[in-house]
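It should be emphasised that the depicted structure is a prediction, and the values quoted were computed from it without experimental measurement.
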Amino acid sequence: MQIMLRLLGLTVFTCALLCACNLGSIPPDVNSAPSNAPNLRLDLTSESASPTPSPALENTVAPVESTPSYPYACGIDDGASSARQVAARVDIDYAQKAASVDQLLSFTNREDASLQSIVLDIQANQWDGSFVLNELLVDESPAYHELDSNRLEIPLAIALPPGCAIEIEIRFRLLPDVIRDGMRAFRGFFGYSPRQLNLAHFLPNVAARINKEWRIHSPANFGEQIVYDVADWQVEVHVQDATEDLKLAAPGEIKELEPGLWQVELRGSRDFALSLSEKFQLLEGGTASGVGVAVYTLRDSQAGVNINGKNSASHVLTITIQALELFERLFGKYPHDRLVVVQGDFPDGMEFTGLVYVGSAWFAQFDGTVYNYLTLVSVHEIAHQWWYALVGSDAALHPWLDEALATYSEYLFIESHYPADKNWWWTFRVAGYFPQGDVDSKVYEFNTFREYINAIYLRGAQMLHNLRQDMGDEQFFQLLRTYAEIGTGQVAYPELFWGLLSTEQAPLTIETRNEFLRDPGVNSLFALVEGAGGTQVGSSSD
C-alpha cells in the first residue's frame, strides 16, 4: 500500500523532529494556486475565503515565509475502500508508558462540493499533557492549523475538490495517565496500571462528515461523545523496554515480524485500540461460523472457580462465542475474522471495533454462574460490534441508539440461553434502580452517571421491549436486522431507526413512544413514511 510505503520512509523521532513543532505555514490564501494547478478541477470563484485563524490559539503552528503547494491526487478513487486511510508507526516505551507516533492520513472527498478545510478528530488531546504535537504536514508541506481540545482544523490554501484525495502527516507523542479512581478511571482505555498499558482513541483521524459538516463534540462528563466514520487501518507497533513475556492484544490481522514488533491491519473500522501486558494469559476459541475469539486476562481471572472447574476467563470465552453466534443470527454477520476480549484495569467495560474491554472488578467477582456483571458487561460490549462498530451513531446527541440496543441485547442473550431467568435479568439489571428519564436525552443533560445509565441504558431497554410487544417478535427482529443492514458503515440517526416502521406499525408504537421519548413524533417523521417501509435519512455522507 502506497500510504504504508510512505510511512515506513518517515524518519523516527529525533531532536530535530522535536524542534519541528516551531514550523508552519502562512495562513492560507484561497486565491493562491498549486504548482500542479492544470491537473486540478477547481472552481475558486465559487468558494468563499476561509476565516483568518487566530494566531494566539494554543498549539497553533507559527507562520513562516513560504506558501506550500497542495498536489492533490484526483480521479483515482474507485470507491472500493474507505474514504479514510490510516497508516501509523507506533513506537512504545513500555517501561515509561509513553509512545511516539508517525502517522499518515489519506482522505478522499466524496461529496459533491469542494472542502475549504480538513478537521481531525484527536480524542487523546482532551486530557492535559497526554498529547504532544510535534509536526503536521499537508501533502509534504508544513500546514497552518488550530488545535482546540479534541478538534484540529486545517484551513486549506486550495479547496479540496470532489473526487480528490489529500495526505496529512502528523507526528506526535503520547503520554497516557495512570488509571485513577473517580470518573477519570472510566477512561482507562487510554491509560495504564502497574500491569497493563491501554491505548484506544489514540490515533487521530479525519472527523466524521454529517450533512456536509465536520462533526466533533466536546468531551462529555458521562458516557461518550464519539462520532466516527469508518476507516482502513495499517498500524506497525514497536515496543521496547519490556520483557519477553509481553503480549499484544489487538484486533484485525496481526503479524509478528520479530519480538516486540507487530504489523496490524484492520479494514472498515471506526477506531483502532490495543492493549499490552507482561501478565496477559491468552485463551482462544471460535464460533461455528469461523470467527476467532481471543480472551486476554490477568491473574485474578482465575478467581471464583466453581465445582466444574470453570474460571472467569473460560466463562468469558464461552459466553463470547455464544453471544457472537446469537447476534449473527439476529442482527447479521459479524464483519471481521476475529474478536478480542481484554480484561481492563478500569471500571465497567468499553467497546471498540474488533476489541472490547471488560473491567477487572467483574472478573474478580465472578461466582461461577451467569448471574453477574461479568456475563452481562461482556455480552453488552460484544453487542456493540453491531450497535456502534457496524452501525455508527452520534453518541453525544443520540446515545440510546447504541447503548439501549446493546443493553437490550443482554436480555436477548439471557432469553436465548437461560430462558427461565428472564425475570432475573429485569430485576437485577433494570427494576432495582427504578429508572427514570427520557430515552432520547443527550449525554450533556445528566448530573450523575447513575442518571445517565437509568435513562439511556435501562429505560432504553424497556422501550425496546415495549416496541417488541407492540409489533410482535417477527416484525421487531426484522426491524433490528434491517436497521443493521441499511446502517452498516453509516453514522445513523434516530430518523433511520424510526423511519423503518411501516404506516401500519407507526400507530401501534405511539403509546410506547409517548411514554419513553421527549419527541414521540420524532420530528413528524411519520408523515414522510410511505408504503410498507420507511425512508432512509440521517446517515453520513460517506
Side-chain angles (χ1 to χ4, degrees), residues 179 181 185-186 188-189 193 196 275 280-283 285 293-327 339-351 355-385 387 403-435 449-450 452-454 456-462 465:
I179 299 172
D181 296 330
F186 286 88
F189 51 78
S193 70
Q196 181 181 55
S275 183
F280 272 149
Q281 298 173 332
L282 174 61
L283 198 59
V293 176
V295 178
Y296 289 84
T297 57
L298 299 158
R299 300 243 179 239
D300 53 10
S301 66
Q302 303 304 315
V305 177
N306 66 17
I307 58 175
N308 298 316
K310 177 177 286 188
N311 58 47
S312 55
S314 60
H315 177 68
V316 168
L317 178 63
T318 298
I319 63 174
T320 298
I321 293 171
Q322 291 174 338
L324 278 172
E325 292 177 340
L326 173 65
F327 297 154
L339 177 61
V340 177
V341 182
V342 178
Q343 178 183 343
D345 274 344
F346 58 93
D348 242 351
M350 189 64 191
E351 73 277 1
L355 182 149
V356 301
Y357 288 97
V358 178
S360 285
W362 307 137
F363 282 88
Q365 296 171 16
F366 177 64
D367 59 3
T369 74
V370 298
Y371 310 112
N372 48 64
Y373 276 110
L374 179 63
T375 301
L376 300 185
V377 172
S378 298
V379 172
H380 182 103
E381 305 307 341
I382 293 162
H384 275 305
Q385 296 304 302
W387 318 126
E403 295 298 356
L405 283 164
T407 304
Y408 191 64
S409 297
E410 300 171 27
Y411 173 74
L412 297 178
F413 176 84
I414 296 297
E415 180 183 52
S416 175
H417 290 281
Y418 306 95
D421 300 313
K422 293 185 294 184
N423 288 339
W424 165 82
W425 186 88
W426 284 110
T427 301
F428 177 80
R429 187 70 161 115
V430 181
Y433 294 100
F434 302 98
F449 187 69
R450 186 73 255 169
Y452 163 69
I453 295 294
N454 283 355
I456 303 302
Y457 289 57
L458 307 188
R459 292 262 295 164
Q462 290 175 322
H465 193 63

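In summary, the aromatic rings of Y411 and Y408 are positioned with their centroids under 6.0 Å apart. Separation of the Y357 and F346 ring centroids falls under the 6.0 Å cut-off.
For the pair S275 and Y296, the minimum side-chain heavy-atom distance is 4.5 Å or more. Between E381 and V341, the closest side-chain pair of non-hydrogen atoms is not below 4.5 Å. Looking at E410 and T375, their side chains never come closer than 4.5 Å, going by heavy atoms from C-beta outward. In this structure, L376 and R429 have side chains that are in contact, with non-hydrogen atoms separated by less than 4.5 Å. No side-chain heavy atom of T297 sits under 4.5 Å from any side-chain heavy atom of V316. You'll find the side chain of V342 reaches within 4.5 Å of the side chain of L355, heavy atoms only. For the pair W362/D348, a side-chain contact is recorded, criterion being any heavy-atom separation below 4.5 Å from C-beta on.
Legend: salt bridge (Lys or Arg N to Asp or Glu O under 4.0 Å) pairs involving residues 369-378, not counting sequence neighbours: none detected.
For the atom pair NE2 (H380) and CD (E351), the distance works out to 6.5 Å, reported to the nearest 0.5 Å. For the atom pair CD1 (I179) and CG (D345), the distance works out to 6.0 Å, reported to the nearest 0.5 Å.
Ring planes of F428 and W424: parallel class, angle under 30° (limits at 30 and 60°).
Across every non-hydrogen atom of F366 and T369, the tightest pair is CE1-O, 3.3 Å. Here the closest non-hydrogen pair linking S378 and I319 is CB-CD1, 3.8 Å. Counting all heavy atoms, side chain and backbone alike, W426 lies closest to A461 at CH2-O, 3.9 Å. Closest non-hydrogen pair, S416 versus L326, comes out as OG-CD1, 3.7 Å.
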